[in-house]
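Read the structure below first, then the notes.
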Amino acid sequence: MDSNTLTSISSFYPPQRTLMGPGPSEIHPRVFSAMGRPTIGYLDPVFVKMMDELKELLRYAFQTSNALTFPVSGPGSVSMEMCFVNMVSPGDKVIVCRNGVFGARMIENVQRCGGTAIVVEDAMGSPVDPNKVEEAFRNNPEAKILAFVHAETSTGVASDAKTLAEIAHRYDAYTIVDTVTSLAGIPVLVDEWGVDAVYSGSQKCLSCTPGLSPITFSDRVVEYVKSRKTPVQSWFMDITLLLGYWGDTTRTYHHTAPTNALYSLHEALVMLREEGLEAAWARHQRNHKALRAGLETLGLNFLVEEPYRLPQMNAVHVMPGLDEAEVRRRLLAEFNIEIGAGLGTLAGKIWRFGIMGYSCKMENVMLCLCALESMFDDMGAKIEIGAAEAAAYHAYAAHPTRGKGMRAVA
Ligand SMILES: *Cc1c(COP(=O)(O)O)cnc(C)c1O
């Protein structure tokens, strides 16, 4: 880079977007402002007290009393890897469910840990089939772990975590569950389901700045990892070492915690507690019903069958005759709206509308439908202007708000 290029660089001012993709989601001003508070040391007694509150707030979000519950300093992918690296030793058999992009990443994690992945395959857009999981255990009763994605963001499908966990229990296997997109959007009940290693992400329904990932481990997993014969291959992700910083008894240096990012997670979780988990789930359902009414009025069909749809991630087939990428490009350029594209085999075939966390609100739903109508009409599709918004608006009227809603706590 020559010096002229360098001097021409000045402060970065990103545009204000309406974020309706697969994450990151929009962030409440309270969460942003928390991030700008003074940086203090990661062993400062004031900071340590905030860490204890964070752990307590995360236990609420995960509905667990697990002692080892904390935010990993890294995105959801680091948390995913943390589970596998700690729990899979070379030679271990792991049953992994693949019904989308993130299940495929789990398989790769198992293999890189030297384990053997027994893959349970379901189509993109279908939930994990519990019968196939049962069969995989019958054929591989020595499998130590069952790993699955609760909310597959690549397709917008929810799998039945409770039933899958029950099968794992019958075969005395541990469970690794990806709740990156589900946490705070639909019920995630760690203790009630009896799941063992559960991770999430800060930037989806928690609506916090990207780069952190909440995680929780059952006591039996902690004991299991402590009793490993070979050390965990990764120094950074070894939970037995992380316990020295995030555990209940000691606070010693492990790595420099991302202090300011953790303030923002603390604030996002305080807001979740103020709203209430149940009210947050209800808000996602309510906005989903309205968005769905509008999208279907536009003639767009959902990829996922109704009982398995995630309210926070709405995948629809592209409207025949329209240029899939052009629609997304114009939404961003003309309306400042980001939506998601299809991944893998669904590339070019679906659009994904995310309404996660603070992005899950009436004005986003209505703006998005209005933008789609104007554009579809302009691109020559046969639609009735105003019909999608009317359908969405009526859906809101049919499902009045319960609880305060995230907007009201501003
Ligand atoms: C987003 C996502 C991840 C990865 O999280 P990053 O923060 O992007 O690393 C993992 N699993 C699912 C289901 C996701 O939606």
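Both ligands and their constituent atoms are indexed starting at 1 by order of listing.
Between Thr153 and ligand 1, an N or O atom pair is found at a separation short of 3.5 Å. Checking only distances, Arg105 never comes within under 3.5 Å of ligand 1, N or O to N or O. Checked against a 3.5 angstrom limit, the closest N/O atoms of Gly76 and ligand 1 fall inside it.
For His394, the side chain to side chain contact (heavy atoms under 4.5 Å, CB included) partners are Ala390, not counting sequence neighbours. Here Pro311 pairs with Ile186, His284, Gln285, His288 under the side chain to side chain contact (heavy atoms under 4.5 Å, CB included) rule; sequence neighbours left out.
The single protein non-hydrogen atom nearest to atom 9 (O) of ligand 1 is Ser77 OG, 2.5 Å, given as residue, atom name and distance. The closest protein non-hydrogen atom to atom 2 (C) of ligand 1 is Lys204 NZ, 2.8 Å. In terms of protein heavy-atom proximity, atom 11 (N) of ligand 1 is closest to Asp178 OD2, 2.7 Å. The shortest contact between atom 3 (C) of ligand 1 and any protein heavy atom is with Phe102 CE2, 3.4 Å.
Between the side chain of Ser154 and the backbone N or O of Val101 there is at least one donor-acceptor pair closer than 3.5 Å.
Under the 4.5 Å side-chain criterion, counting only non-hydrogen atoms from C-beta, Glu373 is in contact with Ile383.
If you look at Gln203 next to ligand 1, the close heavy atoms, those under 4.0 Å, all belong to the side chain. At a heavy-atom cutoff of 4.0 Å, ligand 1 is contacted by no atom of Ser213, backbone or side chain.
Shown in contact with Ala151 at under 4.0 Å from a heavy atom are these atoms of ligand 1, numbered in order with element: 13 (C). Against a heavy-atom cut-off of under 4.0 Å, Thr181 is close to the following atoms of ligand 1: 15 (O).
Judged by the 6.0 Å distance and 45° axis criteria, Lys226 is not positioned over the aromatic ring of Tyr224. Judged by a 6.0 Å distance limit and a 45° cone about the ring axis, Arg309 is positioned over the six-membered ring of Phe302.
The neighbour count for Glu278 CD, taken as heavy atoms of other residues, nucleotides or ligands under 6.0 Å away, does not exceed 12.
A donor-acceptor contact closer than 3.5 angstrom is absent between the side chains of Asn99 and Ser126.
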